[in-house]
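In what follows, a structure is listed as structure tokens, so that the remarks can point back to it.
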There are 2 protein chains.
Amino acid sequence: MLDDAARRELHESTGLRGTYLEQLFTFGDPSRDPRAHVVSAAYMALIPDASAVKAPCDKYANGRWYEVTRLPELAYDHSLIAAYALKRLKSKLEYSNIANALLPREFTFAEFEELYSLILGRPLDRRNFRRRILAMGILKCLPHTRRGPHRPAALYSFANQSLRFIEML
Amino acid sequence: MLDDAARRELHESTGLRGTYLEQLFTFGDPSRDPRAHVVSAAYMALIPDASAVKAPCDKYANGRWYEVTRLPELAYDHSLIAAYALKRLKSKLEYSNIANALLPREFTFAEFEELYSLILGRPLDRRNFRRRILAMGILKCLPHTRRGPHRPAALYSFANQSLRFIEML
DNA sequence: CCAAAAGTGTTTTAAATACACCCATGC
DNA sequence: GCATGGGTGTATTTAAAACACTTTTGG
């Protein structure tokens, strides 16, 4: 299965396991790689914590992290693939609980909102956004809070751990 | 390019040219075909008129037309692929002018609405639907009408011939 | 004049937007 | 007591939904 192959490849190159994984698109333009006619089924993986990626093995030794809005020039048509991934992620944020794959088990509402704002690339109205999200019912409020240098923040987690699509009628 | 291959294959098996074509998903489960491990990049083609399909050549000689809601049991995982196609088409109907690929150049509003109702699988309120579509601006009203046994119907065509996505903000 | 499909407005309801101040804590 | 981020409510605007009759033509 392609999913399994992608998962295996991801694990070999990053050490990641149990990652959210989604097929994006299959690219088959003969000119995308000048050396050979390569057909690539592109996948997107989502993780909550970049530091979970192990020091790269010999394969892909020069992998690095970039802000998605500031990707460098990539080889072949990989910029296109990255753009496609971001587009897919944006649209799924709006009608699913996919953000679960990008956040730790517990998080504050501010962290949740920051994630959305970052990926959607626009500022969000704090009150309206909170109202909308809570009305969706994708989050549940936990009984404990996170204490910090300021007012403690309520902690949330996702109501469903598995990917769900929200009906908005 | 995969698109070209799909187009070529479609032409060979149906005689169709200039068809709307869209990649759906790539299926790679080793068990989908018991004889061999086949990876298939599935494509969806849309045409306005079933009769444009030429009498099948030797290849795919037993091709037939079915109502999408009444597909028979298909070989391998082809039912899954068909379901995927319908799902994609449904969602694109809502925020693009993709219906252009399914209608002749000129059509009545009733035909347009019937298409939507059929694909979306639910009845539509005539007045609300008309208001919404005209507000989108994807159609233009033509100066002439279609005369029939009853009151003549205004004819419409698409404002843009090429695929456009509608911003609904 | 009748059958059949085409066309048209208003009211109600719900959702989205805009917007600014008070709260709880650590230091 | 003050700096910092956490948290809350209302009024306005806009869009969606519900709903039934009149119009135009051919036969």
Side-chain angles (χ1 to χ4, degrees), chain A residues 90-91 93-97 99 103-159 165-169, chain B residues 90-91 93-97 99 103-159 165-169:
Chain A
K90 270 187 192 180
S91 77
L93 267 194
E94 314 235 28
Y95 62 89
S96 80
N97 63 357
L103 287 168
R105 189 177 277 107
E106 303 185 347
F107 46 86
T108 68
F109 204 92
E111 291 167 339
F112 182 83
E113 183 183 333
E114 191 191 0
L115 175 72
Y116 270 69
S117 175
L118 209 78
I119 296 174
L120 297 178
R122 57 182 156 96
L124 297 168
D125 180 281
R126 187 140 44 118
R127 289 173 285 189
N128 294 337
F129 180 72
R130 172 186 286 253
R131 184 181 16 252
R132 239 165 27 87
I133 294 297
L134 295 181
M136 279 189 200
I138 63 177
L139 297 184
K140 62 166 184 262
C141 193
L142 301 176
H144 47 295
T145 58
R146 176 180 301 167
R147 308 182 69 79
H150 305 301
R151 175 175 177 174
L155 286 170
Y156 292 83
S157 68
F158 280 83
F165 295 89
I166 312 326
E167 287 301 329
M168 313 213 169
L169 258 208
Chain B
K90 271 187 190 179
S91 77
L93 266 194
E94 313 236 28
Y95 61 89
S96 78
N97 63 356
L103 287 169
R105 189 177 277 105
E106 302 186 347
F107 46 87
T108 69
F109 205 93
E111 291 167 339
F112 181 83
E113 183 183 333
E114 193 192 358
L115 175 72
Y116 269 68
S117 175
L118 209 79
I119 295 175
L120 297 178
R122 57 183 155 96
L124 295 168
D125 181 281
R126 186 138 46 116
R127 290 173 283 189
N128 293 338
F129 181 72
R130 172 186 286 254
R131 184 179 18 250
R132 240 166 27 86
I133 294 296
L134 294 182
M136 279 188 199
I138 63 177
L139 297 184
K140 62 166 184 261
C141 193
L142 301 176
H144 48 295
T145 59
R146 175 180 302 167
R147 308 182 70 81
H150 305 300
R151 175 174 177 173
L155 286 169
Y156 291 83
S157 68
F158 280 84
F165 295 89
I166 311 328
E167 287 301 331
M168 314 215 165
L169 255 208

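Naming convention: chains lettered A, B, ... in sequence-line order (proteins, then strands); numbering from 1 in each chain.
In this structure, the side chains of A:Leu155 and A:Thr108 come closer than 4.5 Å at one or more pairs of heavy atoms.
Following rounding to the nearest Å, B:Arg126 (CZ) and C:dG9 (C1') show an atom-to-atom distance of 14 Å. Computed from coordinates, the B:Leu139 CG to C:dG7 P distance equals 13 Å when rounded to whole Å. At whole-Å resolution of the value, CZ in A:Arg122 and P in C:dT17 are 8 Å apart. In this structure, CZ of B:Phe129 is placed 15 Å from P of C:dT8, rounded to the nearest angstrom. Atom pair B:His150:NE2 and C:dC1:P shows a separation of 19 Å (rounding to whole Å applied). Separating the CD1 atom of A:Ile133 from the C1' atom of D:dG7 is a distance of 16 Å, rounded to the nearest angstrom. Separating the CZ atom of B:Arg131 from the P atom of D:dA16 is a distance of 10 Å, rounded to the nearest angstrom. Spacing between atom CG of B:Asn128 and atom C1' of D:dC19 amounts to 9 Å, rounded to whole angstrom units.
Between the CG atom of B:Leu115 and the CG atom of B:Leu103 there is a distance of 5.0 Å, given to the nearest 0.5 Å. Rounded to the nearest 0.5 angstrom, A:Tyr95 OH and A:Met136 CE are separated by 12.0 Å. Considering OH of B:Tyr156 and NZ of B:Lys140, their distance stands at 13.0 Å, rounded to 0.5 Å.
With hydrogens and angles ignored, no donor-acceptor pair under 3.5 angstrom links the side chain of B:Arg146 to the base of C:dA5. Side-chain atoms of B:Arg130 stay outside donor-acceptor range of the base of C:dG7, with no qualifying N/O pair under 3.5 Å. Between the base of D:dA17 and the side chain of B:Arg132 there is no donor-acceptor pair shorter than 3.5 Å.
Residue A:Arg151 places no side-chain N or O under 4.0 Å from the OP1 or OP2 atom of D:dG7.
Ring centers of A:Tyr116 and A:Phe129: under 6.0 Å apart, within the cut-off.
Residue B:Arg147 is in sugar-phosphate contact alone, with no base atom involved, counting any heavy-atom pair closer than 4.0 Å across all strands shown.
A gap of 15 Å separates the C1' atoms of D:dC2 and C:dC22, to the nearest Å.
Between A:Pro152 and A:Asp125, the residue anchored nearer the 5' end of DNA chain D, judged by the nucleotide with its closest heavy atom, is A:Pro152.
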